[in-house]
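What follows is a single structure, written as structure tokens, with notes after it.
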Amino acid sequence: MIGLVGGGAILALSTSPDRRAAPSGPVLSECDGQLRDLVLHYEPSARDAVVPVHRDFLGALDGDVRVHVVCPDRLAFADFAASVGPVKCRLLPIVVGHPITAWSRDRWLAFGPSAGGVTTLWSPRGEAGGEIWPARAGDERVGMDIAAALGPSVRARRSGLYFDGGDFLTDGENVFVMPRVLQRNIQQTVASRAEFINLLARELRRPVILLDEAPDHHAGMFMASAGGRTMLVGDPGLARELVAVQLAEHDRAATKEFMNLPGGPDFTAATQRLFDAVAAQCAAAGYRVVRIPVLPARDGRTYLTYVNVLMDQQGGRRLVYLPSYRGVEPLNAAGRAVWERLGYEVRTVDCTTAYRHFGCLHCLVNVLTRS
Amino acid sequence: MTMTTAALGTATLTVAAFLAAPLDAGNDADAPLPKIAKARLVSRGVELSLAPAGGRVLQAGDQAEFDLTALNTTDEPASVTVDIAMTASSPMDALSRTIRLPSALWQAEQVVTLQPRETKVVMLSTRTNLPPNSIINVSLREPGPKLALELLGITALSFSTVATNAGPAVALFQ
């Protein structure tokens with residue numbers, strides 16, 4: 001009896017509300033802190049699309065970064081390591097034993113550890129399309145797979161909300177939330193907009209800025225917070241000026257679609273208005289807005305973008321891993337110049353093989369921890 | 001001594017039994033929010049909801065029919081107009097990051113006039129074949145420009161037309 005009482009007392013203390021509450025800090029900023037642990041997915045059928053991007057990116061990463069590679073099986077990891085070749089960073093497999101897609105970003109949000117705490121992965125209630133897409137259904141389990149593989153320093157939670165990780169953009173102060181998250185949840189998981197915002201602010205532990213209007217895509221395709229309340233927002237109009245000559249030459253040749261953009265570039269007033277609306281909403285939130293060329297296609301999904309980046313902060317030094325695309329060099333140079341003017345050291349990553357699949361570098365790589 | 005040892009042993013076993021699985025590691029402990037059983041659009045005191053006509057399970061190739069249920073929760077007569085739109089989207093291919101933008105399958109505007117506290121069910125025929133392997137969304141919204149998020153309305157129904165070896169089937173999300 002004494003033992004039971006004693007044991008009960010120890011349990012009561014160790015499972016007190018403070019301990020049971022998520023011990024992690026707020027959702028990780030995408031622009032502050034040094035990259036420590038990254039997560040990417042590798043599915044061999046996506047080799048041609050993603051390996052060139054990962055080879056470029058991992059080759060540019062510093063040696064003290066750990067990269068966890070989520071693979072359906074161990075052979076896939078061996079294939080990945082051989083395909084990527086020698087890199088300075090450490091590649092560590094997480095073998096999950098079920099189908100996955102190649103896209104890590106949308107699977108979870110990471111909440112950074114507070115002092116001595118753990119990292120928490122927050123996965124959505126469900127994945128859009130999981131019912132018709134077995135690999136996407138497998139993606140739904142990846143947050144739990146990572147927590148199981150990495151042990152007590154990482155825990156996983158399932159949200160009550162539907163979202164993609166890429167629907168959020170977080171900096172050191174705020175979380176910007178794309179309107180499509182509300183659309184997916186209103187009258188499905190929450191009754192009202194106010195309930196939605198309150199719930200998110202409580203879960204994310206940062207103020208939430210819900211955009212009313214934005215292109216129907218993930219945030220990282222058209223905006224990026226560069227820190228210091230500076231927001232980069234895509235601008236198709238700027239891209240149009242930069243590709244005008246190439247586009248005219250291409251139209252004369254009349255071969256295939258320019259840069260394989262389905263339906264061609266989207267320079268319509270309606271699309272431009274959506275990008276401008278994002279800029280206006282960021283400015284209204286007190287951000288300095290810097291426009292950067294972004295070239296969207298008429299399918300609304302394929303973008304040549306220079307905000308789909310990974311940022312690293314090493315002391316006072318800021319680095320950006322910036323996508324580039326073969327065939328639009330003036331556009332690449334303009335995108336690079338914007339980041340350089342903001343004081344970033346640029347490391348370019350060739351994303352030519354990936355952008356046709358509706359995503360880019362930021363979409364392929366998720367950040368688990370920053371220092 | 002024996003009693004102390006036994007007590008310590010029992011305490012250790014108690015703690016070990018309940019803390020064997022670390023509370024903070026690799027778990028899925030949070031109970032998800034309950035899903036809202038039936039999505040409703042409220043327009044000037046009239047609650048509008050949608051369901052497949054006759055509770056039918058919709059399949060790829062079907063021409064979908066829906067029951068639009070309108071309930072006037074006020075003590076005054078009411079007349080509301082609602083836009084109903086059905087869209088389909090699917091992955092471009094297995095490598096896609098996300099599904100394609102939804103394409104419009106069918107759209108209609110329906111006026112419903114109700115007496116105080118009256119409930120009416122209106123059947124809507126889409127005369128459009130549901131495509132296979134797609135996510136089908138049916139939304140309700142008040143007519144007007146899509147300038148503010150509140151005017152976008154709600155997704156009243158969401159289901160998929162999954163092609164399986166045994167033929168098409170549909171998984172209703174709600």
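Residue numbers start from 1 in every chain, and the chains themselves are labelled A, B, ... in the order their sequence lines are given, proteins ahead of strands.
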Please examine the side chains of [Y] and [X], heavy atoms only from C-beta on, and report whether any two atoms are closer than 4.5 Å.
| X | Y | answer |
| --- | --- | --- |
| A:Arg125 | B:Lys35 | yes |
| B:Thr155 | A:Gln188 | yes |
| B:Asp93 | A:His357 | yes |

Heavy-atom donor-acceptor pair, A:Gln187 side chain to B:Ile154 backbone, under 3.5 Å: no
Which atom names give the shortest non-hydrogen contact between [X] and [Y], and what distance separates them?
| X | Y | result |
| --- | --- | --- |
| A:Gly300 | B:Leu101 | CA-CD1, 3.6 Å |
| B:Ile135 | A:Ala128 | CD1-C, 4.2 Å |
| B:Leu95 | A:Ala49 | CD1-CB, 4.2 Å |
| B:Ile99 | A:Trp133 | CG2-CZ3, 4.0 Å |
| B:Ser160 | A:Ile132 | CB-CG2, 3.7 Å |
| B:Ile36 | A:Thr189 | CD1-C, 4.0 Å |

Measure [X] against the heavy atoms of chain B and call it side chain, backbone, both or neither at under 4.5 Å.
| X | result |
| --- | --- |
| A:Asp216 | both |
| A:Arg105 | side chain |
| A:Ala102 | neither |

CZ/A:Arg136 to OG1/B:Thr98 distance, rounded to the nearest 0.5 angstrom?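 The CZ atom of A:Arg136 sits 6.5 Å away from the OG1 atom of B:Thr98.
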In sequence, state the C-alpha distance, the side-chain angles, and the governing distance for A:Asp299 and B:Arg100, and then conclude on salt bridge (charged side-chain N to carboxylate O under 4.0 Å, His left out). CA-CA 8 Å; A:Asp299 68 349; B:Arg100 290 188 180 97; over 6 Å; no
Under the side chain to side chain contact (heavy atoms under 4.5 Å, CB included) rule, what do B:Arg97 and A:Arg301 come out as? Steps first, then yes or no, please. CA-CA 9 Å; B:Arg97 181 195 185 187; A:Arg301 285 286 187 256; over 6 Å; no
More than 12 heavy atoms of other residues, nucleotides or ligands under 6.0 Å from CD of B:Glu118: is that the case? yes
